[in-house]
Amino acid sequence: MHPFTDSSAGAMATTPVSNFPLDFRSSFVNLVGVVGEEATTIGFWVLGVVLLASVAHATWNALAKYMDDASLAFAWINLTVAGIGIVTIAILGLPNQAALPFLLISFVLHIAYNIFLLNSYRFGDLSQVYPLARGLAPILVTIGAFLFAGESLSAGEIIGVLIIAAALASIAEFHATKTLWLSVATGFAIGGYSLVDGIGVRHAHSSFAYAGLLFLLEGGVLGLSITYLRIRRRRPMLTDKLGLGVGAGGLSYLAYAAVLWAQQRAPLGVVSALRETSVIVAALIGGYFLKEGLGRRRAIAAVVVCIGVAILVLS
């Protein structure tokens with residue numbers, strides 16, 4: 001059984017399955033007070049929502065890459081999500097106060113993620129950067145959720161996570177060391193904010209309110225900063241691809257809000273692994289639409305990822 005907090009009792013029901021020094025883990029879990037709904041398996045709706053979110057996430061990344069001008073793309077995307085965040089907060093209000101420390105830490109990690117990702121796209125193709133960065137995240141989140149959120153996965157679920165992560169990372173190709181290290185740094189940022197948000201959103205009254213404030217902060221800072229730098233360097237904010245930027249921003253918000261919703265209802269490592277199946281969608285988009293090439297290895301990886309997903313669901 002996956003240990004989630006019973007919010008009515010404020011106590012954590014855990015079923016430890018290892019001999020790891022649990023005093024530290026239990027103390028930390030009690031300190032952060034992880035809350036959420038009890039879940040023993042991945043429900044149909046959670047599975048469907050996360051897989052749809054993975055498609056949306058890969059699509060907005062592809063749109064950003066398609067716009068050619070990376071800084072312009074990220075400016076429009078972040079200004080869009082900031083605007084959506086304002087509307088969301090106006091409707092739903094701010095998330096619970098207990099969620100705010102996690103949200104602020106996540107905000108810093110998201111800024112780092114965007115910086116690493118922006119520079120990764122400057123030096124590498126979508127199909128190079130995306131697989132390794134996303135393949136690292138499920139393993140990091142699974143380990144972090146065990147240490148800091150009191151979650152223990154079954155043997156089958158651990159195998160599923162590892163299979164998906166290995167398959168995703170296997171399709172990465174690197175011709176420059178700089179691209180490799182930027183992708184690794186991006187992966188650690190993804191793992192960090194996924195873990196922090198997974199814990200933080202369980203303190204919030206609404207995953208969409210949490211996402212709204214997060215994107216208002218992140219999008220506002222990044223969008224305005226990039227716009228300022230472009231104006232200072234006499235690079236105009238072109239509007240010919242504004243529609244693509246707004247569309248990518250909308251998909252970005254919906255994709256992550258859906259993941260946050262799922263993290264309230266399912267183990268963090270499993271949600272992360274399912275979300276990162278977006279790598280396969282990204283590889284297909286990169287191969288067929290961005291003309292980055294698509295080989296047999298990516299097709300095999302796609303089949304292996306499907307096997308990993310099946311193991312997670314059956315476990």
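- Here the side chain of Thr186 pairs a donor or acceptor atom with the backbone of Leu182 at under 3.5 angstrom.
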- [ ] Evaluate side chain to side chain contact (heavy atoms under 4.5 Å, CB included) for Val221 paired with Phe107, printing each intermediate quantity in order.
- [x] CA-CA 10 Å; Val221 170; Phe107 161 66; 3.7 Å; yes

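- In this structure, the side chains of Leu222 and Ile77 stay at 4.5 Å or more apart for every pair of heavy atoms.
- Residue pairs meeting the side-chain hydrogen bond (donor to acceptor under 3.5 Å, both in side chains) criterion with at least one member in residues 76-99, sequence neighbours excluded, are Thr88-Tyr253.
- Under the side chain to side chain contact (heavy atoms under 4.5 Å, CB included) criterion, Ile158 pairs with Leu153, Leu162, not counting sequence neighbours.
- The main-chain N or O of Leu217 is never found under 3.5 Å from a side-chain atom of His110 such that the two would form a donor-acceptor pair.
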- [ ] Evaluate the criterion side chain to side chain contact (heavy atoms under 4.5 Å, CB included) for residue pair Val46 and Trp261; output intermediate values, then yes/no.
- [x] CA-CA 8 Å; Val46 174; Trp261 176 86; 4.1 Å; yes

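- Nearest heavy-atom pair across Gly220 and Ala82 is N-CB, 3.5 Å.
- A donor-acceptor pair under 3.5 Å is formed between the side chain of Arg202 and the backbone N or O of Gln263.
- Considering only heavy atoms from C-beta on, Val141 stays 4.5 Å or farther from Glu151 through its side chain.
- When all heavy atoms are compared, the tightest approach of Phe148 to Ile199 is O-CD1, 4.1 Å.
- With sequence neighbours left out, Leu224 forms a side chain to side chain contact (heavy atoms under 4.5 Å, CB included) with Leu79.
- Scored by the side chain to side chain contact (heavy atoms under 4.5 Å, CB included) test, Ile163 finds Ile159, Val304, Ile311 as partners (sequence neighbours excluded).
- A distance of 13.0 Å separates CG in Leu109 from CZ in Phe102, rounded to the nearest 0.5 Å.
- The CD1 atom of Ile143 lies 13.5 Å from the CG atom of Leu268; values are rounded to the nearest 0.5 Å.
- For the atom pair CD1 of Ile89 and CG of Leu213, the computed distance is 5.0 Å after rounding to the nearest 0.5 Å.
- Nearest heavy atoms, Ala145 versus Leu195: N-CD1, 3.5 Å.
- With sequence neighbours left out, Trp60 forms a ring pair (Phe, Tyr, Trp, His ring centres under 6.0 Å) with His57.
- Nearest heavy-atom pair, Val271 versus Ala262, reported as atom, atom and distance to 0.1 Å: CG2-O, 4.0 Å.
- For the atom pair CD1 of Ile84 and CG of Leu254, the computed distance is 6.5 Å after rounding to the nearest 0.5 Å.
- Pairing each heavy atom of Ala53 with each of Ala258, the nearest pair is CB-CB, 4.0 Å.
- The aromatic rings of Tyr256 and Phe215 lie perpendicular to each other, with more than 60° between the two planes, well past the 30° mark.
- Counting only heavy atoms from C-beta outward, the side chains of Leu274 and Leu47 approach each other to under 4.5 Å.
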Open item on the list: Between Ile190 and Leu136, is the side chain to side chain contact (heavy atoms under 4.5 Å, CB included) condition met? List the steps.
Closed with: CA-CA 8 Å; Ile190 294 169; Leu136 282 174; over 6 Å; no

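- For residues 209-232, the side-chain hydrogen bond (donor to acceptor under 3.5 Å, both in side chains) pairs, not counting sequence neighbours, are Asp69-Arg230, Ser71-Arg230, Asn114-Glu218, Asp197-Tyr210.
- In this structure, Ala75 and Ile226 approach most closely via the heavy-atom pair CB-CG2, 3.7 Å.
- In this structure Leu52 satisfies the side chain to side chain contact (heavy atoms under 4.5 Å, CB included) test with no other residue, sequence neighbours excluded.
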